[in-house]
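Chain letters run A, B, ... following the sequence lines, proteins first and then strands; every chain starts at 1.
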Amino acid sequence: MKTYFFLGKGGVGKTTIAASFGVGTSLDNGNVLVVSLDPAHNLGDAFNSTLSNKIKKISDNLSAVEVDIEKMIKEYLNELAYKMKNTYRYLTTFNLDRYFDILRHSPGIEEYAVLEAIKRFIKLKEFDTIVFDTPPTGITIRVFAMPKLSLLWTDRLIKMRKRILDRRKMVENVKGRFEAKIEGETVVLTSDEKEDDVMQELVRYRAEMEELRNFFSSDNTTVNVVTMPEELALFETKRISESLSEFKIKLRTIFLNKVIQCKKPPEGIKGKIKEQEEVLKKMREEFRGIQIKEIPLLEHSPRGIEELKELYNNYLI
Amino acid sequence: MTALLAIIGGAIYIIGYMVYGRRLEKEVVKADPNRPTPAVKLRDNVDYMPANKFVLYGHHFASIAGAGPIVGPALAMVWGWLPSILWIWFGNLFIGSVHDYLALMASVRYDGKSVQWISGKLMTPKTKYAFELFVYFALLLVIAAFMNVFAGLASSTPEIATASILFIIVAMIEGYIMYRTKMNFSAASIIGVILLILAIVIGFKFPFIKIASKQAWYVIQFIYIIIAASLPVWILLQPRDYLNAYILWFGLIVGGLAALIAFKGFSWPAFTVFSPNLISGQPSPFWPTVPLIIACGALSGFHSIVASGTSSKQLDNELSGLLVGYGGMFTEGFLSTIVVLSIAAFGMTVLKEAGGDMAKLASPALIGKYGAGVIGSTVGKVGIFTHSYGKLVGSIGIPYKLGVTFGGLWVSAFILTTLDTSNRLARFAWGEIWEPVKKTSEGFYKFIANKWVGSIIAAGLGMLIVWGGTLGALWPGFAGANQMLASIAMITAAVWVRNVQKAKKVWQYAVLIPALFLWVTVTVALIWYLFVAVPAIKAATTKYPVAIFTIIMIILNFILIGDFLGAFRKGPKPEAEVK
Amino acid sequence: MKKLSDLLRKFFGGIDEGLKEASVSLIEKELEETENVFALLTMGFLSGIPSPPTGLVLRLLPYMQREIYVMMLRSKNLDDVFAETAGTFDID
């Protein structure tokens, strides 16, 4: 399966480009799914179709979906709360509700949900290609960073867990199986890695994160940036590129959108065109080895499959 | 005579327990078997867990007993055996055991919080901080004093040096088989004891570690401390601690038995002079300086930490407290009694055989003048005990040298364990002391609170202080800090008895008078120490640190009494909740 | 006779239990400390210290009863840490 991520600030035309790319790919290369992870969904508008949290077939070989991240977060927390309420019966003084309030707003909860969504979709075997319209750049970068960061933490916690289990084993060698009676319930504390739920979860999670890290860095994953020919956009693109290389993720193509192509520019925008050219020049210097595709500022934004197809054929190939 | 004194000592303790102890339990502590202790009320199977009272007694006693109850009384013999034993019996009965018992029970009433915490609540928060400082100084002085004792034993008696080093190896082996293999606990314990016996016997038969330089032993101990205190506890400290208990009980029971059977008269004078040359070689008046020599055995501040640190959280019932706190201290008193009577019976013989100048010991007055010197230059200030003990147990058939080796290992095993734990605790306290710096200079804090830095500084300061120092100068420093701790605890107890317990006036005084007597005695003793003993210390590296610590302690002490008077005058709180 | 054998059994059982406790008390204390730190690290966001990515926390939480339990107990005694630590090391 091939995966494509489209990054970009709000307003650069990321969703339109991503949708167009999806349409074009579906024509020659198998079954395509376009996923919007951006909480400010525009994907439905681009396709001129009402999209929801359920995958909708738009045309032959093309489906789309708008992921409800908020709903996902709520679901995860509710599931967790349910799990905990059952096992944490004796922690009567532990205020679960307040705790979950904090969790709900903790930094990283959105990134977590986005990552889980990505994991979910790339497992779908019926699709040959998945195109992701990503959330605002900040979140997306942190999502890409998650596997490496998670691995660092997981390794640290695994080391600490091993020590806990090791000491428990020592006490076990003398006193036998570690059984603690906590508020009326017998809790068995194991010293065996295979039996320890925490250790097993840590190991499982580690494997998943490693898989994700490899997935993001693999050749089957393409990360593209959609941007505009403006100074600030250039800086941002640079930052994105640096972050990506830190996580060993390759930036394949820069889509330079809304380029003003005017044969006889009026006085008012002559300066803008000059800026454009400088940015373009700088970009070619900065990003050698990366494909740069220019898309002109169109008279009206493409909407619907036909127009998106045209955009694809004219400028994205 | 040995039998007589052992019996009288035992009797005094038992009667004291039955009569005085039970009255304290009723009138002061007002122990209520129906009031749930924190071990029951707050049971969490982590820290709070009721323990069988005999088991807790055994554990508590093993925790409070160390090298202290042996070294102190051995040093005190220059006053003669009678004053020493009277302090061990009656100082223990009216001050020491009361201190231990009340510390335990007050802690029980405050949900297992420490005496330090309680003092902060009943007096002022300053008191709590002073406590921490005292402990830190005490730790540094413990390291110095104990290093000196061990160096003295190891350099003069290769048997003891060898057995001690072998014991380290034995402990590590025991640690491995007990914690890393599935071997049955009893089997592992038996193997440990057998290896222990082997270490003693090998040390006795093949004393191959012959290092005669005390200072070499200081360096060896310094390295030992740094390494040992950095190891995970299961490797050395935990198994050591465990095996030490066997040594303790064996030494105590065998010593007691031997005392009863030996039937030896005392060749040591009952009383020499009021101020023999003892501390720093200066004439040391029995009052106020005896607490600077005999600490543990009669009274020890560290006990309040143990009592309120762990024991109070494991007490199953308020009525069990008497056995654990009061009884535990008495047992230590009995241990010290055996130390005294073994030296009283055999000390002279030992000195004669060691080639001591008997002319200098011909009369009590002469012993007062030259005793410490003769002892120090022949068998050593702690050696007098190990050799006397060797002779004592000879009466039940144990070969003399073997007895000496055992006696020496008894002292050194506890010393090496204490050096390890003191360093760990000092490292921790050090980090706490520098906490305020964290905000202003994080880099510096990171460096200074690094565990290696803390460890090396504590061990290093200890070594610095001990390098040119004598036991006669160092031991009182440690004992003084220890007694200051006891002072705070005792005074806290007095406030508790008055303000919270609202005991009858007569019983308030039963606690208050010993507390004040203790405070006055220790303050005068420390001032005496500062102005008489410290100047006589020759080594500057010993003199100045000790002087500084002593000055700080004396100042804190006066602040303390101010806080105390304030709290005492405030009187009992109205019936509102104290907690 | 039965009373005597019961008494002896209790006596030696008590000694056995006591000895076992004595032989591992320090290790158990270290264990609790590590469990406490593990909980603190995982739930760090509750007290403002750096904590693992939320995803990891969410995954581990259902299994951390013991560690949270220890952490809550320890936090009750935070104002007495020094004496508690001192009491663990039998110094005399």
Is there a side-chain contact (heavy atoms from CB on, under 4.5 Å) between C:L73 and B:Y48 once you walk through the steps?
CA-CA 10 Å; C:L73 290 176; B:Y48 292 84; over 6 Å; no

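- Checked by atom type and distance alone, the side chain of C:D80 pairs as donor or acceptor with a backbone atom of B:S114 at under 3.5 Å.
- Residue contact with chain C, scored on non-hydrogen atoms closer than 4.5 Å, is absent for B:I415.
- With a 4.5 Å cut-off on side-chain heavy atoms, B:Y246 and C:L19 count as touching.
- At most 12 non-hydrogen atoms from other residues, nucleotides or ligands lie less than 6.0 angstrom from CZ of B:F54.
- Of the inter-residue distances, the one linking C:K20 atom NZ with B:Y242 atom OH reads 9.5 Å to the nearest 0.5 angstrom.
- How far CE of B:M178 is from CD1 of C:I27: 9.5 Å, rounded to the nearest 0.5 Å.
- C:R74 places a side-chain heavy atom less than 4.5 Å from the side chain of B:D47.
- Both the backbone and the side chain of B:A429 come within contact range of chain C, judged by heavy atoms closer than 4.5 Å.
- Contact annotation for B:Q238: both backbone and side-chain heavy atoms come within less than 4.5 Å of a heavy atom of chain C.
- With a 4.5 Å cut-off on side-chain heavy atoms, B:K313 and C:E84 count as touching.
- Taking B:Y179, B:W234, B:F185 one by one and counting their heavy-atom pairs under 4.5 Å with chain C, the maximum is reached by B:F185.
- Most heavy-atom pairs under 4.5 Å with chain B: of the set C:G87, C:S23, C:S25, C:A83, this distinction falls to C:S23.
- Separation of atoms CD (C:E30) and CG (B:L237) is listed at 10.5 Å; rounding is to 0.5 Å.
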